[in-house]
Amino acid sequence: MEKIILFLTVLCCALTSCTKEKTDYEAEIDTIVPERSGFKEVTQFQSGAYTIRIDALGGNLYKGYNKVHVKISGQGQAPVSAATLLPIRNGGTAQAHSCPHSYQLTYNAGQGYFEGYMVFTEASDPLSQWDLHIGYTADQPYRVVQQVPVQEQDNKNLGMTSFTDRDGAQYILALIAPQKPKVAENELVAGLYRFDTPTAGATAPFPDPAQFSYSEVQGYTILLDPRMPEPSMGNHSSPNNKDLLHGADNLYHGVVNYTMTGNWTLNLILHNQQGDLVRGTVVPDDFTPGVVGVKSELHIDILF
Amino acid sequence: MRRIALVIPVLIASYGLRAQDRTLQSDTTTVLQEVKVKAKAKKKIKTDLKLAVSVDEFLASSQSISFIKRGAYAWEPMLNNMSSERSAVTIDGMHIFGACTDKMDPVTSYVETNNLSTVDIKSGQEGSLHGSTIAGSIDLQRENTAFGLDKKVGGNYQTGFEFNNKQFFNLAALSYSGQKFAADGSISFRQAENYYDGNNKEVKHSQFNKFNSSVGLSFKTGERSALRVDAIYDKAKDVGFPALPMDLWLSRALITSASYKQLFEDGIIQLWDTKIYYNAIEHYMDDTTRPENLVHMDMPGWSTTYGLLSKIALQRDSYRSEIQLNAYDNLSIAEMRMYPQDRSNRTMFAYSWPWVTTRFASLSNTNSWDLSDRSHVVLGGSLGVNYNYSKYAEFNWIFHPGAPQEKTRILPGLHASYHIDIAPFTLSAGAGYGHRAPSISEAYGYYIYNSFDRYDYIGNPNLGNEVSYETNASVGYQTGRMGIQAKVNYFYIQDYIVGKILNMGSPMNYQSVGVKGYTALDHANIFNLALSAHYDILTHLHWKGSLTYARATDGSGGNLPFIRPISYQTGLQYMYKRLGIQTSLQGDAAQRDYSPEYGEDKTAAYQIWNASADYTLPARKVNMTLQVGAENILNAYYSTYADWGNIPRMGRNIFTSLKINF
């Protein structure tokens, strides 16, 4: 009987050794997708008697779509009734230019701040920076300029792309959601913007908003074909995806299914209101193991 | 796996506790030996041809079982020509679920012949005692030494070598029978290299290594009660699956149980046996030995089951009854991680079983009345509740948006049969009705690659129950020298679950050609016929023969896959004093009714010839038998209808074995 006990003890030791751990699925995606929860302060500065504070998700501005909260307050000062936001990129070799943004900010009375967004097309670098031109109206109109750092996008699921159509109009397409995709059905949200080419020269002192205007493109359709470009995945795709349609919030909403984690490409085809092709190419749908997936000329890469 | 580590000390502790009060009770040892719920002919674990067999080889000798073979190891048993999810495979009534999505580890691969006493195969709803089933049940019954036998210590040892695949095996078992304490223990090792087919060509990746050990301890706790703890530990390492694109690196199973049995002297209740059990299985596939694979993948799987089984046997006069409560909770997890060709890139991960919990409880009852000395009626039924929960249901929603994350089903079953014995004829007829819930793969599987038809399979959580209506009959004729028996059964199965090509999605596994989703056919028909006969030509010369035929179609007349073509076996056995000589011829006819839709091609007929001779050495007390034989003597090159990917079977195999019983 001692032998039996000994045997069981040995067995017990044998069983505790050498086994593979299960994957921690919740943590699996965290390793590669940075979590940005809550609006935090990006910058705060004085403008006369007023203090202006800009908040963004995670406290940083990134290349791509950024939603911002602008709080303008002054002790004993007249309340601010309206505010505008205009990002301008300065320096470098390029001419001063802007990026898609909401010029007229909307006031959120409940929270006491103005809301808007900016879709930065480049990150800041030592030679060129982004300046935010903020205008606000209290007892009188005020203007202020503040430089803000814009970082490279480290979330590979919030990519953006810019392109031109046949008539030379400039478009920007930026992903807004999902910030943290899952192996699941994901609500896909994107913003589509077009540069309003100025018809006349500047009529106001720099920066003249009419020279830097972008509009939210309405009523277009973005056809979606997500695929895994990795050669070993052989152009793998997923079922039950829904093309992106223009919604009441002026954003584009669709559904993307990711069948596993890893590199994906959202192959897109943009059609205008008339159903005419604006940009994008059809990608092959055959299964081609060992071959890098062909991407549409309009695409955004994903990694989670 | 930490849980495994916990259970063992508990078992040891319970052993220690029980060992102390061994001196309390006086001897009533005979009582426990007489437990017979219903007399069952116990079949020794050997075949006509071979004395030392594997569990698979032993099961293959049953007419109602056929096998899907993916290599030389871990064959998937098909009962009544139905795949394993349609039958209830248990070990002593305990439910165990393989941890491999590709069915590389059927329950039968986690036991070894030297810890089994018998295998109880029941066809159709008759098998519903252990849980809901369609095809029937296979219960692997463990060795269980009674208290107070005259022979206190017994044991056996088997060793042997098979030349074709250089399989070397050593199996040993020991038993102890005391007045208050009984124990069984076994240990076994098998090691085999690649086998060679009938063209003397090596079938690569067909090696295997298996270690199995078991221990069972019984303690008498009262005059009519006993406590028993059991454990099986099985480990297979470096097992090749030539028909699959990957092999097995390691699979381990720990199967434990503790049971308490109480016998009653008077009254209608004869016995009450309650068991709690726990088993954990881990299964890790390996494709690093397949450099031809484009994509490196890890596919680990885990399956953990807790269960309870409680059985009461009743008897009064001509009435016998068994009431059984089954309950279990299983968690099955399977992962796949694909590695990009540039390993610095992100790996790709998904669950092929997204943490699926199955909870099942059933109450079943079988009653038997002797109407007269010659006839009896059996009536039985079961009612089960099956609950499934998919933790990461978002995987399932990709193909089935909005499917429920949890699902509860009611699984009823009923069966009745009438048996009559009019010498020299025995006749029986029966009918049954039963439901089964879809398996984990069928309901929640996600991109499970099937290398047979080369499709990725997607489970469907919305699937309904599969419902079976069956009838069966048998007729036997027996005289002193000869016997002949015919058995038929017919299943009409509503909502028969199969995989159908989906016109959405695209393959994930690089070998795959498309995606199939599990769906329910309106119905399927399965018919099985088995004939067997034996004749004693001389006192020492016996002939045995058998023939099986099966036909299965889907609702629209198409063939179902993996249905055995006409098969036959004929064998002669000669025994003289200590010498035994056996020879047999077996084969399948050409597969006429194959199913291209499910990836089958026509398999040609084959026939193989086997022979063996054994000699029992004259020795006192110790019974020592030597055997030499050969399978496939003519070195036929063949593969059967159920050989995955048409891998060839083993060519000529000379085997030797030595068996010592003491």
Side-chain angles (χ1 to χ4, degrees), chain A residues 1 3-23 25-26 28-29 31-32 156 182-186 227-242 255-264 285-292 303-304, chain B residues 1-2 4-5 8-9 11-12 15-16 19 181 183 185 213 215 217 231 233 235 250 252 254 282 284 294-296 298 300 302 333 335-342 345-351 355 392-395 397-399 401 446-447 502 504-508 510-515:
Chain A
M1 261 151 256
K3 279 181 184 167
I4 294 172
I5 291 172
L6 180 71
F7 171 71
L8 286 174
T9 314
V10 169
L11 190 68
C12 174
C13 295
L15 284 164
T16 48
S17 64
C18 157
T19 175
K20 285 192 188 178
E21 286 296 320
K22 295 181 186 80
T23 298
Y25 178 57
E26 272 89 3
E28 173 78 12
I29 293 168
T31 59
I32 201 122
K156 301 285 192 292
K182 295 184 83 177
V183 179
E185 287 180 287
N186 294 276
R227 293 189 177 270
M228 295 187 86
E230 173 63 44
S232 59
M233 296 312 298
N235 202 30
H236 174 69
S237 183
S238 63
N240 293 329
N241 301 298
K242 292 197 182 107
V255 171
V256 61
N257 281 282
Y258 296 122
T259 57
M260 64 195 316
T261 66
N263 274 298
W264 285 80
D285 62 355
D286 37 341
F287 189 56
T288 47
V291 179
V292 180
L303 176 65
F304 74 102
Chain B
M1 267 299 129
R2 280 198 195 95
I4 290 190
I8 289 286
L11 288 178
I12 295 169
Y15 166 71
F181 171 70
S213 67
V215 60
L217 308 171
Y233 173 69
K235 180 172 118 177
L250 173 71
R252 296 199 290 189
L254 179 70
E282 48 181 348
Y284 308 110
L294 183 68
V295 181
H296 169 53
D298 275 342
W302 298 268
I333 303 164
E335 299 179 352
M336 54 182 159
R337 184 181 292 280
M338 297 189 186
Y339 291 80
Q341 284 171 334
D342 177 354
N345 286 346
R346 168 100 166 131
T347 58
M348 294 156 280
F349 176 83
Y351 281 113
W355 287 62
Y392 298 110
E394 60 254 40
F395 284 81
W397 290 331
I398 289 173
F399 279 86
Y446 183 73
Y447 282 103
L502 285 180
M504 60 176 180
S506 74
M508 182 180 279
Y510 82 94
Q511 295 104 321
S512 171
V513 295
V515 181

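Just so it is clear, the values below take in all heavy atoms, side chains as well, and ignore hydrogens, waters and symmetry mates. Residue numbering restarts at 1 for every chain, and letters A, B, ... go by the order of the sequence lines.
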Can you find a heavy atom in the side chain of B:Ile398 that is under 4.5 Å from one in the side chain of A:Val183? yes

Residue B:Ile333 versus chain A: region with a heavy atom under 4.5 Å: side chain

Is the closest side-chain heavy-atom distance between B:Gln511 and A:Pro289 below 4.5 Å? no

Do you know which of A:Leu303, A:Asn257, A:Thr259 has the most heavy-atom pairs under 4.5 Å to chain B? A:Thr259

Could you work out, with side-chain contact (heavy atoms from CB on, under 4.5 Å) as the rule, every residue matching A:Thr288, not counting sequence neighbours? A:Asn235, A:Asp286, A:Val291

Determine whether a donor-acceptor pair (N or O, by modelled atom type, separation under 3.5 Å) exists between the side chain of A:Tyr25 and the backbone of B:Phe349. no

Heavy-atom check, side chain of B:Val513 versus side chain of A:Phe287, under 4.5 Å: no

Smallest separation among heavy atoms of A:His236 and B:Tyr447, with atom names: CE1-OH, 3.4 Å

Side chains of A:Thr23 and B:Glu335: donor-acceptor distance under 3.5 Å anywhere? yes

Roughly how far apart are B:Met348 CE and A:Ser232 OG, rounded to 0.5 Å? 4.0 Å

Shorter than 4.5 Å, heavy atoms on both sides: which option in A:Gly234, A:Ala184, A:Pro231, A:Pro239 has the most such pairs with chain B? A:Pro239

Would you say B:Asp342 and A:Glu230 make side-chain contact, with heavy atoms under 4.5 Å? no

Under 4.5 Å heavy-atom distance to chain B, tell me which part of A:Glu185 shows up: side chain, backbone, both or neither. both

From OG (A:Ser237) to CE (B:Met508), nearest 0.5 Å: 10.5 Å

Donor-acceptor pair, side chain of B:Arg346 and main chain of A:Phe304, under 3.5 angstrom: yes

Closest contact, heavy atoms only, A:Met260 versus B:Ala350: CB-CB, 3.7 Å

Are the side chains of A:Tyr258 and B:Glu394 in contact, using a 4.5 Å heavy-atom criterion? no

Just verifying a value: how many Å separate A:Met228 CE and B:Ser506 OG, rounded to the nearest 0.5 Å? 10.0 Å

If you tally heavy-atom pairs under 4.5 Å between each of A:Ile32, A:Thr31, A:Asn241, A:Asp285 and chain B, the highest tally belongs to A:Ile32

Checking A:Glu26 against B:Tyr392: is there a side-chain donor and acceptor pair closer than 3.5 Å? yes

Using the rule given for side chain to side chain contact (heavy atoms under 4.5 Å, CB included), can you reason through A:Thr261 versus B:Arg337, listing the C-alpha separation, both sets of side-chain angles and the distance that settles it, and then say yes or no? CA-CA 9 Å; A:Thr261 66; B:Arg337 184 181 292 280; 5.6 Å; no

Any salt bridge linking B:Glu282 with A:Lys22? Criterion: basic side-chain nitrogen under 4.0 Å from a carboxylate oxygen. no

For B:Tyr351, is it the side chain, the backbone, both, or neither that has a heavy atom closer than 4.5 Å to a heavy atom of chain A? side chain

